[in-house]
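In listed order, ligands and their atoms are each counted from 1.
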Amino acid sequence: MDERDLEKYIPIETFTGETTEVNSTRNKLYVETYGCQMNFADTEIVNGIMGKNGYDITENIDDSAIILINTCSIREMAEARVLQRLTEIKKYKKKNPKLVVGIIGCMAERMKRDLITKKGVVDLVLGPDEYRKLPSLIDNLIDTGEKGIAVKLSRVETYDDIMPIRKEGISAWLSVMRGCDKFCSFCVVPYTRGRERSRPLEGVINEIKILEQEGFKDITLLGQNVNSYRSGEFDFSDLLAACAKAVPGVRIRFTTSHPQDLSMKLIETIAAYDNICKYIHLPVQSGSDRVLELMKRSYTIEHYMKIMNNIRKLIPEVSLSTDIISGFCTETEEDHKMTLDIMREVKYDGAYMFKYSPREKTKAWQYEDDVDEETKTRRLMEIVELQRNISEDKNSALTGNIFEIVIEGISKKSDKMLFGRTDGNKTVIIPVNGAKAGDKLKVRITRGNSATLFGEAVTVN
Ligand code: SAH
Ligand code: SF4
Ligand code: F3S
């Protein structure tokens, strides 16, 4: 589908005409979030908008007058999980019929009015570019009982002026752009998030300075395809460099890059600044040029490997991760083996691996989903197993090495252990030693498995 066809899916009305009786208190908002980091960052924006309008944010669902579910549509499973969750939320609504229930985010954008007509429990539906309307739709709902829907996509909305409300902590997300114009044939994001648009550079710099003052030590710049960032004459490398200079004591990461336009300038920028993490997530999706073409990924494996080699030349210590889809339409055993080959060649530090899930409206929806479920699962298991072995080999080979980590807190598995992250995004577990969240610590690695490194402190800064 061409992007112009998107307009057809944008209904203009805001109120649905359907009614309900809801709670008359306007505070106590609870938001539950699914999906990618962009969605988690959006929840903080929603909290920012609602906080400004006098709502209290609660993390206790039992305590809330308004429940919003920020949803993801990337694979069928992601949607199924939310639909299942809605049946549980029905019980809350039964106990408290005046509870307001809203679906926001990508599923809201994709399913629109269906969520209200087919799921009786839903009172509000808001797409990712409509969050400013939340307070007025809630007011209207409370005053008139009218259910609300707002799912127009914007070409300009970046919520640049909204200060997100974040949980206190060490790491923060910071959205620098929204939407995606790549239209990979398997992907629903261009339809749920709309057109690509960037925040002004000054807005990002102002926010990152505030985050530094608030004590955040590790900040990830977010966008579906950060390489397309543009603010006047500035590109993403300029933004990254400006952030690195603005907050020299804070680690800076970013995600996600698309291999088509990852420039030499970006690699040089990452290499040039100590506080830009030497970690790049560069989704390859498949090792077969034929499949990549069907996926409309617009690069070949040769081009991808050229970028990888340039990265490793300029940043020898770099950590690399990827996304892989198994069982895309027409994928043969030979294509699958090429995916395993590229994994062996690059030796990623980590990978996010998925079975192909057909999504309505995408280009690939028109292709035949011809790899049977059993084959998809078996290929995915082979990919997962191979990555586990590679990660284990790489992590255990780090034994004896010294890394600087930023402590994030007490380990979830034992209160006698702390955990932190390396610049390369690896989790390190060390014995409790008086260090606290936010401290930088030099650690010597004592062992590693496929998921985690274990170590001991060398010096406390
Ligand atoms: N913008 C990011 C990806 C966002 S979606 C990028 O281009 O890198 C995250 C990952 O989900 C994708 O990289 C892809 O591997 C996976 N994915 C997207 N659509 C999918 C689908 N229909 N089925 C299975 N996996 C999918
Ligand atoms: Fe989806 Fe491709 Fe855009 Fe990533 S770049 S969000 S995979 S369309
Ligand atoms: Fe999911 Fe939307 Fe993110 S579809 S992956 S929440 S952009």
Where on [X] is there a heavy atom closer than 4.0 Å to ligand 2, on the side chain, on the backbone, on both, or on neither?
{"X": "Val189", "value": "side chain"}
{"X": "Phe183", "value": "backbone"}
{"X": "Pro283", "value": "neither"}

Can you measure from CE (Met295) to CZ (Arg290) and round to the nearest 0.5 angstrom?
->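 Going from CE on Met295 over to CZ on Arg290, the span is 10.5 Å.
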Quick one: is the NZ or CZ of Lys363 closer than 6.0 Å to the six-membered ring centre of Phe183, and within 45° of its axis?
->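 No, cation not above the ring by the 6.0 Å, 45° rule.
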With a cut-off of under 6.0 Å to the ring centre and 45° to the axis, is Arg81 in cation-pi contact with Tyr34?
->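 No - Arg81 does not lie over the ring of Tyr34 by the 6.0 Å and 45° rule.
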Heavy atom of the protein closest to [atom] (residue, atom name, distance):
{"atom": "atom 3 (Fe) of ligand 2", "value": "Cys180 SG, 2.2 Å"}
{"atom": "atom 2 (Fe) of ligand 2", "value": "Cys184 SG, 2.3 Å"}
{"atom": "atom 1 (Fe) of ligand 2", "value": "Cys187 SG, 2.3 Å"}

State whether a side-chain donor-acceptor pair under 3.5 Å links His281 with Ser321.
->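 Per modelled atom types, His281 and Ser321 side chains form a pair under 3.5 Å.
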For [X], look at atom [atom1] and say whether over 12 heavy atoms of other residues, nucleotides or ligands are found less than 6.0 Å away.
{"X": "Glu88", "atom1": "CD", "answer": "yes"}
{"X": "Asn60", "atom1": "CG", "answer": "yes"}
{"X": "Glu214", "atom1": "CD", "answer": "yes"}

Anything protein N/O/S under 2.8 Å from atom 3 (Fe) of ligand 3? Just list residue and atom, please.
->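 Short answer, with waters excluded from the count: Cys36 SG.
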Is any side-chain heavy atom of Leu124 less than 4.5 Å from a side-chain heavy atom of Ile103?
->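 Contact flag for Leu124/Ile103 side chains = no.
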Using a strict 4.0 Å threshold on nitrogen-to-oxygen distance, state whether [X] and [Y] make a salt bridge.
{"X": "Glu408", "Y": "Lys217", "answer": "no"}
{"X": "Glu32", "Y": "Arg85", "answer": "yes"}
{"X": "Arg166", "Y": "Glu44", "answer": "yes"}
{"X": "Asp42", "Y": "Arg193", "answer": "yes"}

Can you name the closest pair of heavy atoms from Arg178 and Asp129 and give their distance?
->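 Heavy atoms of Arg178 and Asp129 come nearest at NE-OD1, 3.6 Å.
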Taking all atoms of both residues into account, what is the closest heavy-atom pair of Asp423 and Tyr279, and its distance?
->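 It is O-CB, 3.8 Å.
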Just which atoms of ligand 2 are under 4.0 Å from any heavy atom in [X]?
{"X": "Arg297", "result": "2 (Fe), 7 (S)"}
{"X": "Lys182", "result": "3 (Fe), 5 (S)"}
{"X": "Pro190", "result": "8 (S)"}

Tabulated below should be the N or O atoms of ligand 1 paired with protein N or O atoms at under 3.5 Å; can you produce that?
| from | atom 1 | to | atom 2 | distance (Å) |
| --- | --- | --- | --- | --- |
| ligand 1 | 1 (N) | Gln224 | O | 2.7 |
| ligand 1 | 1 (N) | Gln224 | OE1 | 2.8 |
| ligand 1 | 11 (O) | Arg75 | NH1 | 3.2 |
| ligand 1 | 13 (O) | Gln285 | NE2 | 2.8 |
| ligand 1 | 13 (O) | Asp323 | OD2 | 2.6 |
| ligand 1 | 15 (O) | Gln285 | OE1 | 2.7 |
| ligand 1 | 17 (N) | Arg75 | NH1 | 3.4 |
| ligand 1 | 22 (N) | Phe186 | O | 3.0 |
| ligand 1 | 22 (N) | Ser357 | O | 2.7 |
| ligand 1 | 23 (N) | Ser357 | N | 3.0 |
| ligand 1 | 25 (N) | Arg75 | NH1 | 3.2 |

